[in-house]
Amino acid sequence: MTYTLRYNSVPITYSLPPSHLCKKAFITPKVLSLYRFTKTQSIRIRWSGYNTNAHYITGSSGAPRCNVSIGKVENVGDESMGLQTRPPPAETCRTLMELSSEGTLCTLTQDGWPFGDNVEFTVDAQGMPVLCLDPISMHSQHVSLHKLCSLHVKLELPGCRKSQCTLMGTLSKPEDRILKQLQSIWASRFGEVNEDHLYVITVEKMLQSQGLGEEGFWVDAMEYSGTSADPLRDRVAKIVKDMNDKQWEDIRRICNVYADLDVEVEEVSMIWIDRLGFDLHLLTLPQKEILEVRIPFPREVTDERDARSSLTYMAQVAWEVEKNYAPPEFERVKCVQK
């Protein structure tokens, strides 16, 4: 069974070593308890000792205390505290659609039965799926009778995660004024195509979920077309591979410090990263259970360099916490010669 752990980072202020203060970063709290629960639930953190305005009230200079409770997932962040640990569903859909190239297209037969088949697709500037269908294919025959369709797209991730979305709308031939543009978009991914074979799905709504059997989030077409895909989408595979192959010690250290687990962990690996944080895949001992931990970045990142910098910073903080390191005192230079 797979479990998911999610928590938020909150800006806090208290006496920190100069090595921390100079970077003006958020401090991500440790989760002091881990409760096992199904993937349709999340851990919601309520603060004890710190208020939402980030003023220090009580407690030690270690990780802030917290109370942990279990609740059903209602949104991807904690809007009451102005926090967000995952990109919104619309952005997730755009990211998934731009990273994927295959999906299951369902159209309606003459008798009204849904007919599904695997198809290749790309997306236009608004994120609308562009397909190439042979005139004699079943879908081409169906669309002449019923234009309603759905396209289910699933992105396979390491571990047990299968982020997916189902787009619903109408399947039709593109307008002549955009035909050449769509032909160029298709050719850039799959090669030359006969313009008579191109179709476009005009999306009306979609359902996005993080995995099989999980509760989904409905997204309307305007929200979907008006958002952008995650800025790290084209670099996810490289960053994840580099972290797991070359910096696995940093990943394990971050996990040990930023998530206070009540189980022994045998393996830790990164499975996903985006502008707001990253997901870790854990294998526990001796139960051999699978856990997924969502760790937010101290702040939003904008590109690969920014993401790697934040990971390096978090690894450094984790190292200092593990080693109980305090930087030596020093005096600032007071006299400057002209």
Check the hydrophobic clustering (I, L, V, M, F, W, Y; side-chain heavy atoms under 4.5 Å; chains of links allowed) and say if [X] and [Y] are grouped together.
X      : Y      : result
Leu171 : Leu207 : no
Trp248 : Met270 : no
Ile273 : Leu276 : no
Phe190 : Val193 : yes
Val263 : Ile251 : yes

Decide yes or no on side-chain contact (heavy atoms from CB on, under 4.5 Å) for Val130 and Tyr199, but give the supporting numbers first.
-> CA-CA 6 Å; Val130 180; Tyr199 286 80; over 6 Å; no

Using side-chain heavy atoms (C-beta onward) and a distance below 4.5 Å, is [X] in contact with [Y]?
X      : Y      : result
Trp272 : Arg294 : yes
Phe121 : Leu105 : no
Leu133 : Gln141 : no
His281 : Ile290 : yes
Ile201 : Leu131 : yes
Ser209 : Phe217 : no
Asp117 : Met138 : no
Met314 : Phe278 : yes

Please say whether more than 12 non-hydrogen atoms of neighbouring residues, nucleotides or ligands are located less than 6.0 Å from [atom1] in [X].
X      : atom1 : result
Trp218 : CH2   : yes
Lys205 : NZ    : no
Asp176 : CG    : no

Any donor-acceptor pair under 3.5 Å linking the side-chain atoms of [Y] with those of [X]?
X      : Y      : answer
His142 : Thr107 : yes
Gln164 : His152 : yes
Ser140 : Ser137 : yes

What's the shortest heavy-atom distance between [X] and [Y], and which atoms?
X      : Y      : value
Thr85  : Pro296 : CG2-CB, 4.4 Å
Val219 : Ala90  : CG1-CB, 3.7 Å
Trp186 : Gly191 : CD1-O, 3.4 Å
Gly112 : Leu108 : O-CD2, 3.8 Å
Val203 : Ala221 : O-CB, 3.0 Å
Leu280 : Cys255 : CD1-CB, 3.8 Å

To the nearest 0.5 Å, what is the distance between [atom1] ([X]) and [atom2] ([Y])?
X      : Y      : atom1 : atom2 : answer
Leu155 : Leu96  : CG    : CG    : 5.0 Å
Leu179 : Ser184 : CG    : OG    : 11.5 Å
Asp303 : Arg305 : CG    : CZ    : 8.0 Å
Ser269 : Asn244 : OG    : CG    : 5.0 Å
Glu91  : Gln208 : CD    : CD    : 10.5 Å
Met128 : Gln126 : CE    : CD    : 7.0 Å

Using the six-membered ring of Phe297, assess whether NZ or CZ of Arg275 lies under 6.0 Å from its centre and within 45 degrees of the ring axis.
-> no

Salt bridge (charged side-chain N to carboxylate O under 4.0 Å, His left out) between Arg308 and Glu304, worked out = CA-CA 6 Å; Arg308 291 183 184 274; Glu304 179 184 2; 3.0 Å; yes

So does [Y] get a backbone contact from the side chain of [X], meaning a donor-acceptor N/O pair under 3.5 Å?
X      : Y      : result
Tyr258 : Ile295 : no
Asp134 : Ile136 : yes
Ser188 : Ile185 : yes
Thr227 : Glu223 : no
Arg94  : Tyr224 : yes

List the steps, then state whether side-chain contact (heavy atoms from CB on, under 4.5 Å) holds for Leu148 with Met168.
-> CA-CA 8 Å; Leu148 292 179; Met168 287 164 278; over 6 Å; no

Begin from the C-alpha positions of Arg233 and Asp230 and carry the test salt bridge (charged side-chain N to carboxylate O under 4.0 Å, His left out) through to its verdict.
-> CA-CA 5 Å; Arg233 62 190 181 280; Asp230 188 87; over 6 Å; no

Do the side chains of [X] and [Y] get close enough for a salt bridge, i.e. N-O under 4.0 angstrom?
X      : Y      : answer
Arg189 : Glu120 : no
Arg252 : Glu267 : no
Asp274 : Arg86  : no

Starting from the C-alpha separation in whole Å, work towards a yes-or-no answer on side-chain contact (heavy atoms from CB on, under 4.5 Å) for Thr95 and Val236.
-> CA-CA 11 Å; Thr95 301; Val236 169; over 6 Å; no

Is the centre of the Phe115 ring less than 6.0 Å from the centre of the His139 ring?
-> yes

Thr166 and Met206: side-chain contact (heavy atoms from CB on, under 4.5 Å), yes or no, with the steps?
-> CA-CA 5 Å; Thr166 301; Met206 63 207 67; over 6 Å; no

Given the rule in the ring-ring contact (aromatic ring centres under 6.0 Å, His included) test, do Tyr325 and Trp319 qualify, once you have shown the distances and angles that lead to the verdict?
-> CA-CA 8 Å; Tyr325 172 79; Trp319 181 87; 5.8 Å; yes

